[in-house]
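Along the sequence shown, residues carry numbers from 1.
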Amino acid sequence: MKKDIKSLSFEELNLEITALGLPKFRAKQIFEWLHKYGAHSFDEMTNISKDLRLKLSDIYFISNCQIEQKYVSKMDDTVKYLFRLYDGEYVESVIMKYKYGYTICVSSQVGCKMGCTFCASTLAGFKRNLEAGEIESQLHSAQNDLDIRISNIVLMGIGEPLDNYDNVIKFLYNVNNENGLNISMRNITLSTCGIVPKIYDLMNEELPITLTISLHAPNDVIRSRTMPVNNKWGIDEVIKACKDYIKKTNRRVSFEYTLINNVNDTYECAKELSDRLHGMLCHINLIPVNDVAERGNVKSSEQIMHRFSDVLKNNGINATIRRTLGSDINASCGQLRRKRNEVK
């Protein structure tokens, strides 16, 4: 089988190219074509000889994402893509426009194993991990289609990033490389449901990214009911890992908290959550639950959401209610892939 050249790190590409008897500067040229310019084929690499391009195509392939479906919000210009991968599988990405530029929310797996009861990503089942090049290709396809420059990345699409640790770390280094997209690590957010050993691995990488924890509950009883991962790593373990992460990296940790009517949105839940997180260098994103028909969850009212936020703030916890983007196109990930698989 051919190897995905786009999923090689810069160092790995250097070793492969020199092993072919080629000078190191060729690796830099190829890396730039793949990562800075998002080349879809070796034929695009015009400063490389035709013979070398043919040789490379015999050994390698370039992972790409083909646009299968595209939806543009009439409300806020949010764009949602369903991408088709080389093996016929599908992932989703969302482009969001802010004052500071464009942010992409990318997928890291085809499906998800975590089984959170408020999420659509697990409904069509888990298939496989994405390679580093496949994660990055979501950026290139979106940039080329919209003729924009993406400056911020959120790993919060389909899949659990820390369940695909090695490929995600390689992706982070590749998009940060000065010969590639050169996106600052400080402009990258990684969201995890709380795989504690991998949080420590990420901590030891000492990357200046933003770590976001999908918490969604103030205690083990509610969290285990909505997030099966909590049965393996309870909320105390997750919070301790976050405190250690903050101490080692001096970076603020964010917590995602999806508000579900009569499940985790009471005054008592807000008070317990603020007590648990008191004194931490953290921020809480309060999120209205997504409307996923199969899940049957009901979004908390505006009044309840603001009351919850006020309790946190009054107890010294920085909190905001996330603005919903792309609500008219079902911009939360997982729903397009599931519907597409039903058609197949």
Asks: Compare all side-chain heavy atoms of Ile95 with those of Thr78 and state whether any distance is below 4.5 angstrom.
Replies: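 Answer no - side chains too far apart.
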
Asks: In plain terms, say whether Lys271 and Asp275 are close enough for a salt bridge, that is, a side-chain N and a carboxylate O under 4.0 Å apart.
Replies: yes

Asks: Measure the spacing between CG of Asn174 and CG of Asn167 and express it to the nearest 0.5 Å.
Replies: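 Between atom CG of Asn174 and atom CG of Asn167 there are 10.5 Å.
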
Asks: Classify the side-chain pair Asn264/Thr226 by whether it contains a donor and acceptor separated by less than 3.5 Å.
Replies: no

Asks: Does Glu16 come within less than 4.0 Å of Lys3, counting only side-chain N to carboxylate O?
Replies: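 Salt bridge: yes.
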
Asks: Can Lys113 be said to sit on top of Phe126's aromatic six-ring, NZ or CZ under 6.0 Å from centre and within 45° of the ring axis?
Replies: yes

Asks: Would you kindly check if the NZ (Lys) or CZ (Arg) of Lys2 is within the cone defined by 45 degrees around the ring axis of Phe61 and under 6.0 Å from the six-membered ring centre?
Replies: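 Output no; distance or angle outside limits.
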
Asks: For Asn177, which residues count as a side chain to side chain donor-acceptor pair (under 3.5 Å) partner, sequence neighbours excluded?
Replies: Asn179

Asks: Between Ser7 and Glu134, do the side chains contain an N or O donor and an N or O acceptor separated by less than 3.5 Å?
Replies: no

Asks: Is there a donor-acceptor contact under 3.5 Å from the side chain of Ser57 to the main chain of Leu54?
Replies: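 Indeed, once roles are kept as given, a pair shorter than 3.5 Å links the two residues.
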
Asks: In the structure I gave you, are the side-chain heavy atoms of Lys70 and Asp145 within less than 4.5 Å of one another anywhere?
Replies: yes

Asks: Of Lys248, Lys247, Lys240, which meets salt bridge (charged side-chain N to carboxylate O under 4.0 Å, His left out) against Asp244?
Replies: Lys240

Asks: Asp4 and Ser63: side-chain donor and acceptor closer than 3.5 Å?
Replies: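 Asp4 vs Ser63: donor-acceptor pair found between side chains.
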
Asks: Could you tell me whether Asp87 atom CG has more than 12 heavy atoms of other residues or ligands within 6.0 Å of it?
Replies: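 Yes, the 6.0 Å shell around CG holds more than 12 heavy atoms from other groups.
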
Asks: Taking Arg252 for the side chain and His283 for the main chain, is one N or O donor matched with an acceptor at less than 3.5 Å?
Replies: no

Asks: Do the side chains of Ile62 and Leu34 get nearer than 4.5 Å, heavy atoms only?
Replies: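 Yes - at least one pair of side-chain heavy atoms lies under 4.5 Å apart.
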
Asks: Any side-chain to backbone donor/acceptor pair from Gln138 onto Ser107? Under 3.5 Å, distance only.
Replies: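 Such a contact is found between Gln138 side chain and Ser107 backbone.
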
Asks: Side-chain contact test, heavy atoms from C-beta onward, threshold under 4.5 Å: evaluate it for Leu215 versus Ile235 and give yes or no.
Replies: yes

Asks: Start with the C-alpha gap between Tyr81 and Val91, add the side-chain angles, then the distance that decides, and say whether side-chain contact (heavy atoms from CB on, under 4.5 Å) holds.
Replies: CA-CA 8 Å; Tyr81 290 102; Val91 293; over 6 Å; no

Asks: Check Asp265 with Arg307, please: is the shortest side-chain N to carboxylate O separation under 4.0 Å?
Replies: no

Asks: Between Lys170 and Glu12, does any side-chain N to carboxylate O distance fall below 4.0 Å?
Replies: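 Answer for the salt bridge query: yes.
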
Asks: How are the rings of Tyr257 and His216 set relative to one another: parallel (under 30°), tilted (30 to 60°) or perpendicular (over 60°)?
Replies: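 Geometry flag for His216 against Tyr257: tilted rings.
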
Asks: So if you build clusters from Ile, Leu, Val, Met, Phe, Trp, Tyr with side-chain heavy-atom gaps below 4.5 Å, do Phe31 and Val175 land together?
Replies: no

Asks: Does a side-chain heavy-atom distance below 4.5 Å link Asn231 with Val229?
Replies: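 SC-SC contact between Asn231 and Val229 ruled out.
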
Asks: Does the side chain of Lys6 pick up a donor-acceptor pair with the side chain of Ser137 at under 3.5 Å?
Replies: yes

Asks: Do Glu92 and Lys80 sit within salt-bridge range, that is, some charged N less than 4.0 Å from a carboxylate O?
Replies: yes

